[in-house]
Number of protein chains: 2
Amino acid sequence: MSDYISSNTMKRLPFYLEYLLKIRDEGIVNVSSKAIAVALNLGEVQVRKDLASISKNGRPKIGYEINSLIGDLQKFLGYKDLTDAVIFGAGKLGTALLDYNGFEECGLNVLMAFDSNPKKAGKSDSGKPIYTLDELPMIAKSMNISIAIIAVPAQHAQEVCDIIVENGIKAILNFAPVHLDAPKDVIIKNENLAYSLALLSIELKAKK
Amino acid sequence: MSDYISSNTMKRLPFYLEYLLKIRDEGIVNVSSKAIAVALNLGEVQVRKDLASISKNGRPKIGYEINSLIGDLQKFLGYKDLTDAVIFGAGKLGTALLDYNGFEECGLNVLMAFDSNPKKAGKSDSGKPIYTLDELPMIAKSMNISIAIIAVPAQHAQEVCDIIVENGIKAILNFAPVHLDAPKDVIIKNENLAYSLALLSIELKAKK
DNA sequence: TAGATTGTTAATCGATTAACAATC
DNA sequence: TAGATTGTTAATCGATTAACAATC
């Protein structure tokens, strides 16, 4: 159980968790690194190293006790104490994200959306509130928003980013296909739908 | 100009392109690796290495001629000959993707969506067709679909994946939060919205 | 020419994989 | 005990960074 965990390892952890939850449903109690490796198409040493970094319940000959391992993963991934996030932009993508129900099981609480257009204000299909952008400062002050999700058109993204930063939010997931400038202490992750797809397209071409 | 390009480099190329397009609009004709590095928060040697892998128009003292560099990037990224993609699942996320207009400038042509529910069949807001899943075999035969995008609920994703594979599509972008099994010659990219966000949340916690 | 900037070779860094001792 | 499986140390691999010669 070492102290530093690489971001590559962190990216794999949710997949281990998902797989373990699946096989637990099938009544399996213990699992070996080899079985996990085969199922997820990884190296078995890699699996052991990854798991060793967050858990110490692997036992020679027996493998890992699934329940404990799931507990360790959930604990490390913080899937219990919810983190609050809000969405900027209540267009199609924004509302799709607002009503997407896969976030909560990952410890994320998507609370509300903001849109500059007052006509969008109100409630989403699932009943979550949509506010106008003007209302952000007030709301940001009264609650602890950890993460902002940008789902506005590219041409407004930087502007919205500036507003987010001004309101003290330190982590941004950006769906707009532009590079955002922000102070260094703000973490920005770009989640460009088109680029992921383009990358897949390039790989496909390279394979031929 | 070497032959092998790492996937890390490939992920950065679209950002160079985007930045170059932006500054070309501002009337800039030449740009140095240093300027690009500062703007995109990368190392300048890394920028030079990345660019050298797809272009040979950098010149000492002068830098890169923006127009040629943009051309080289677009050519390499294949942003000219469009790749055809289709979406599975015409729910919120599926229709948001169907009507998302950022794909085309990345060389991607999102043509249509499929949904198992016949009530969803018809046209999207932007006028793209939505078919029932039954119609896939016929359509897949008559045209060359390169990429499938899975935007169905998690519990149906594997089932849809199997259908996609059966119909000869070799690249899948998966938005469902489950691991998919497919033959080795099928490229699968997982684009789990919740995980990206969860990862950001973990980083944020780690920083404190 | 001198200074700036490229492209490339070598050094460093980090992540993955292989080998193997520990142990159930 | 013998076999299986873990965790860890060492070796390999690949990507980033530093150093520097080439050159405009």
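Scope of the values below: all heavy atoms of this structure, side chains included, with no hydrogens, waters or symmetry mates. Lettering of chains follows the sequences in order, A, B, ..., and the numbering in each one begins at 1.
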Taking the side chain from A:Asp50 and the backbone from A:Thr9, do they hold a donor-acceptor pair closer than 3.5 Å? no

A:Asn57 versus A:Ser55, side-chain donor and acceptor atoms under 3.5 Å: yes

Please check: side-chain N/O of B:Glu65 versus main-chain N/O of B:Gly58, any donor-acceptor pairing under 3.5 Å? no

Any strand counts, and the cut-off is 3.5 Å on both contacts for Watson-Crick or G-U wobble. Which nucleotide pairs with C:dT5? D:dA22

C:dA10 -> Watson-Crick or G-U wobble partner, both distances under 3.5 Å, gives D:dT17

Can you tell me how far C1' of C:dG14 sits from CD of B:Gln46, to the nearest Å? 14 Å

Under 3.5 Å: donor-acceptor pair, side chain of A:Asn167, backbone of A:Ala140: no

Within the structure shown, what part of the strands sits under 4.0 Å from B:Ser33 by heavy-atom distance: base, sugar-phosphate, or nothing? sugar-phosphate

When you check the phosphate oxygens OP1 and OP2 of C:dT16, does a side-chain N or O of A:Asn8 lie under 4.0 Å from one of them? yes

Go through C:dT9, C:dA15, C:dT5 for me and flag the one nearest to the A:Ser6 side chain. C:dA15

OP1 or OP2 of C:dG7 under 4.0 Å from side-chain N/O of B:Arg48: no

If I take atom CG in residue A:Leu51 and atom P in nucleotide D:dT5, what distance separates them, rounded to the nearest angstrom? 15 Å

Value in whole Å for how far the P atom of C:dT16 lies from CG of A:Leu42: 10 Å

Rounding to an integer number of Å, can you tell me how far A:Glu44 CD sits from C:dT16 C1'? 14 Å

Rounded to the Å, how far apart are A:Lys56 NZ and C:dT23 C1'? 18 Å

Regarding B:Lys34, tell me which of base, sugar-phosphate or nothing describes its non-hydrogen contacts under 4.0 Å with the strands shown. nothing

Under 3.5 Å, is there a donor-acceptor pair linking the side chains of B:Ser124 and B:Asp99? yes

One pair to check against side chain to side chain contact (heavy atoms under 4.5 Å, CB included): A:Met112 and A:Glu135. What are the steps and the verdict? CA-CA 12 Å; A:Met112 59 186 74; A:Glu135 299 175 272; over 6 Å; no

Expressed as a whole number of angstroms, how long is the span from B:Met10:CE to D:dA15:C1'? 14 Å

Looking at DNA chain D, which of residues 57-65 of chain B put a heavy atom within less than 4.0 Å of it? B:Arg59, B:Pro60, B:Lys61, B:Ile62

Taking atom P of D:dG14 as reference, at what distance in whole Å does atom NZ of B:Lys49 sit? 13 Å

Whether B:Asn109 side chain and B:Leu111 backbone form a donor-acceptor pair below 3.5 Å: no

Selected nucleotide, minimal atom distance to B:Ser32 side chain, candidates C:dT5, D:dA19, D:dT5: C:dT5

Specify the separation, in whole Å, of atom CD1 of B:Ile5 and atom C1' of D:dA15. 14 Å

Of the nucleotides C:dT16, D:dT16, C:dG7, which has the atom closest to the B:Ala52 side chain? C:dG7

